[in-house]
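Computed from a predicted model, the values in this text were never measured in an experiment. Throughout, a chain's letter reflects where its sequence line sits, starting with A, and its residues are numbered from 1.
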Number of protein chains: 2
Amino acid sequence: MQQLIDYIERFVKLSSETINELKELARLETYEKDEYILEAGRHCNKIWFLKSGMVRKYYVHDGKEITVWIHTENETFTSLQSYAQNIFSEEYLQACENTELISISKSDSEKLAQNAQIMTFVNAMMGKEFSNIDKHSKELNQRDARGKYEYLNQIALEIIKRAKLGHIASILGISQETLSRIRKF
Amino acid sequence: MQQLIDYIERFVKLSSETINELKELARLETYEKDEYILEAGRHCNKIWFLKSGMVRKYYVHDGKEITVWIHTENETFTSLQSYAQNIFSEEYLQACENTELISISKSDSEKLAQNAQIMTFVNAMMGKEFSNIDKHSKELNQRDARGKYEYLNQIALEIIKRAKLGHIASILGISQETLSRIRKF
DNA sequence: CTTTTCTTTTGACCTAAATCAAAAAATAAA
DNA sequence: TTTATTTTTTGATTTAGGTCAAAAGAAAAG
């Protein structure tokens with residue numbers, strides 16, 4: 001839990017009351033490798049903080065799994081469209097390794113929304129998340145296969161080091177054979 | 001101005017006080033074809049509502065203009081990274097036609113932020129904008145050239161009808177020759 | 001350990017789309 | 001209008017990266 005507090009305090013200093021509130025609302029969840037945190041067709045009503053392990057976000061298009069992103073330690077994530085707009089998720093969230101998460105449910109986070117410190121954090125986090133997606137989509141849409149790989153290597157080394165080749169290739173929108181060839185120069 | 005109010009009321013019903021507040025803060029801006037609304041290297045401290053005309057958002061990469069998106073009537077837009085994080089914009093906003101905008105400056109919108117109705121609208125708008133970028137990046141990253149064109153044709157017919165071929169091709173990340181060939185089947 | 005299953009690499013081939021170049025069409029300017 | 005400029009189309013050629021198939025390596029299961 002301290003890990004989550006440290007993470008939030010990189011955005012905003014928390015009072016001890018806020019910390020206590022957080023501690024009451026946050027839940028520890030553990031998942032085995034390959035277990036689902038969220039499946040498509042369900043409502044996503046949580047935000048998660050990744051304590052340890054790795055989580056893959058993907059959706060299915062024409063029967064093929066398209067990996068959107070892979071999250072590693074000390075990141076927050078959710079299925080944003082479903083969470084923000086109360087619609088069914090099109091995305092799956094699956095543990096790629098044994099994983100520990102801290103979750104805050106939507107109803108609970110709405111209680112926290114009364115708290116200005118938490119709102120500052122949530123806004124900063126959302127702004128950052130938004131900027132990231134905006135940036136990634138630009139970078140990945142314009143570069144060639146090697147350029148995409150180098151970009152990912154710069155901004156998300158953990159993914160490159162730990163994720164499966166096929167999943168990385170899918171994030172980049174290239175075939176895994178091409179990625180394999182890029183890797184050995 | 002009524003046009004902006006109608007637009008907002010698609011998200012949230014406004015009281016007459018809120019409408020009056022809005023009317024005081026909002027400014028009408030007009031731009032000639034090719035004029036800049038925002039240039040890279042400057043801070044973006046406004047949100048705009050597009051009353052009439054067309055605005056292209058682009059950035060420069062390796063000396064080439066990369067068109068990110070083109071906005072048409074009844075859309076709101078800003079240079080989000082710059083606006084949200086107070087950093088220099090990497091994006092240009094340029095009128096593609098003679099254009100009328102309604103602008104609200106950041107300091108003014110922070111006054112409006114005291115107003116719960118406005119906050120509901122701002123959050124809904126941001127959520128929608130976010131969802132759009134998220135969706136577009138997925139769609140455009142995975143499809144082939146024809147698929148990308150068909151996607152844009154579905155979701156943004158105005159762009160297809162009114163924007164220059166080269167700009168559309170740039171949004172899709174394909175060459176304008178390829179787009180020209182796709183168009184005549 | 002062996003065997004089975006899953007993942008990555010390698011090779012051969014093919015296709016979508018980029019590039020280069022020039023003509024045609026459309027728009028703007030004189 | 002005629003001329004100049006910009007935009008779009010068309011053709012020829014090249015190439016990055018996809019697909020298919022099989023081998024090699026690694027991990028998991030027996």
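A sub-4.0 Å separation between OP1 or OP2 of C:dT10 and a side-chain N or O of A:Lys184 is present.
Distance CG (A:Leu172) to P (D:dA16): 18 Å, rounded to an integer number of Å. Following rounding to the nearest Å, B:Ile168 (CD1) and D:dT9 (P) show an atom-to-atom distance of 10 Å. As a whole-Å value, the separation of B:Asp34 CG from D:dT5 P is 17 Å. Atoms CD (A:Glu65) and P (C:dT7) sit 11 Å apart, rounded to a whole Å. Rounded to whole Å, the distance from CZ on B:Arg143 to P on C:dA17 is 13 Å.
The closest side-chain donor-acceptor pair between B:Gln2 and B:Asp6 falls under 3.5 angstrom. Of the N and O atoms on the side chains of A:Thr30 and A:Glu100, not one donor lies less than 3.5 Å from an acceptor on the other residue. Checked by atom type, the side-chain pair B:Glu91/B:Ser79 shows a donor-acceptor distance below 3.5 Å. In the model, A:Glu29 has a side-chain atom that pairs as donor or acceptor with a side-chain atom of A:Ser103 under 3.5 Å.
The pair A:Arg42-A:Glu39 does not meet the salt-bridge criterion, since no charged nitrogen lies less than 4.0 angstrom from a carboxylate oxygen. Between B:Arg56 and B:Glu65 there is a salt bridge, since a side-chain N of the basic residue sits under 4.0 Å from a carboxylate O of the acidic one. Comment: A:Arg162 engages A:Glu73 in a salt bridge, judged by a side-chain N to carboxylate O separation of less than 4.0 angstrom. Between A:Glu177 and A:Arg181 no salt bridge is recorded (no basic side-chain N to carboxylate O distance below 4.0 Å).
When the local axes at the two ends of the helix from C:dC1-D:dG30 to C:dA30-D:dT1 are compared, using 5 base pairs at each end, they differ in direction by 50° after rounding to 10°.
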key: Footprint string (nucleotides 18-30 of chain D, 5' to 3'): B base within contact, S backbone only, - free, heavy atoms under 4.0 Å   = SBB----------
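For residues 155-167 of chain A, proximity to DNA chain D is found at no residue, defined as any non-hydrogen atom under 4.0 angstrom from a strand atom.
A cation-pi arrangement is absent between B:Lys46 and B:Tyr83 under the rule of less than 6.0 angstrom and at most 45 degrees off the ring axis.
Checking each of A:Arg143, A:Arg183, A:Gln154 against A:Tyr149 for a side-chain hydrogen bond (donor to acceptor under 3.5 Å, both in side chains) leaves exactly one that passes, namely A:Arg183.
A pairwise comparison of heavy atoms in B:Tyr92 and B:Tyr36 identifies CD2-CE2, 3.7 Å as the closest pair.
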